[in-house]
Amino acid sequence: MGICDTLKEVEIDQAIEEPTEIMHINQDSETELPDQEVDPELFDVVKTHMVHGPCGSYNPRSPCMKNGICSKRFPKLFSTETVTSEGGYPFYRRRSPENCGIRMTIQSRASCIDIDNRWIVPFSPVLSRTFRAHINVELCRSIKSIKYICKYVNKGSDLVVFGVQNANDEVTSYQNGRYISTSEAI
């Protein structure tokens, strides 16, 4: 079952029992550092691509900082278990180092910074292992998620740049100037 299928399932099927729903959320999206001994490959990907910031007191001039506060609300609060909320987004499990969570030190510019689960961006272990890149995966069970998807599927490109070499060649002009929107590409 893919992420989109799970998103639709959690979004549309409001009759899912709470423990089953949380199980789905925990399978598809994680917010904790993996154990380096158990899964060194995933640990490396998360350490490299899924740590937010640093921002806040570590870096007050970070691009995410607005009026002295992180606009992405990092660092998040610790939580011993995933809990669904009325707003549609879950509060993900983020265990503290004192509660079986993992802490690591990363090099950021000229200083070393201690990072724990509060700084981890939600990720899919499958997608992270496959693409070895930053892929933020958040599950939502609100009608707002459908509006969000439609907004970006139908959103056009901000800028299109192309050049035509021979203005009299109609076939080349058509091919170079053809614009395919997101909905046409799907």
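What's counted below: heavy atoms across the whole structure, side chains too, no hydrogens, waters or symmetry copies.
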For I113 and S111, what are the C-alpha separation, side-chain angles and deciding distance, and is it a side-chain contact (heavy atoms from CB on, under 4.5 Å)?
CA-CA 6 Å; I113 299 172; S111 62; 4.2 Å; yes

Quick one, L139 and Y92 - any side-chain contact, counting heavy atoms below 4.5 Å?
yes

Are side-chain heavy atoms of L42 and S128 found at a separation under 4.5 Å?
yes

Looking at E138, is its backbone amide N or carbonyl O close enough to the side chain of S29 to form a donor-acceptor pair, meaning the two atoms are under 3.5 Å apart?
no

4.5 Å side-chain heavy-atom contact, M104 and V51
yes

Is atom CZ of F78 surrounded by more than 12 heavy atoms (other residues, nucleotides or ligands) closer than 6.0 Å?
yes

Measure the CG-CG distance between N117 and L77 for me, rounded to the nearest 0.5 Å.
13.0 Å

Using a 3.5 Å distance criterion without hydrogens, assess whether the side chain of D28 forms a donor-acceptor pair with backbone atoms of S124.
no

In the structure I gave you, are the side-chain heavy atoms of P122 and R94 within less than 4.5 Å of one another anywhere?
yes

Transitively linked via ILVMFWY side-chain contacts under 4.5 Å: F123 with I115?
yes

What are the two closest heavy atoms between A133 and M50, and how far apart are they?
O-SD, 4.1 Å

Hey, mind stepping through C70 and M65 against side-chain contact (heavy atoms from CB on, under 4.5 Å) and telling me if it holds?
CA-CA 4 Å; C70 176; M65 296 295 288; 4.2 Å; yes

Going by the side chain to side chain donor-acceptor pair (under 3.5 Å) test, which pairs reach into residues 36-60, not counting sequence neighbours?
D39-R129, D44-R132

Under 4.5 Å between side-chain heavy atoms, hopping through other hydrophobics if needed: is there a path connecting V126 to I135?
no

Would you check if the side chain of T31 reaches a backbone N or O of R93 as a donor-acceptor pair within less than 3.5 Å?
yes

For L33 versus I102, what's the shortest heavy-atom pair and its separation?
O-CD1, 3.3 Å

F74 and V121: CA distance, side-chain angles, deciding distance, side-chain contact (heavy atoms from CB on, under 4.5 Å) verdict:
CA-CA 9 Å; F74 280 92; V121 175; 4.0 Å; yes

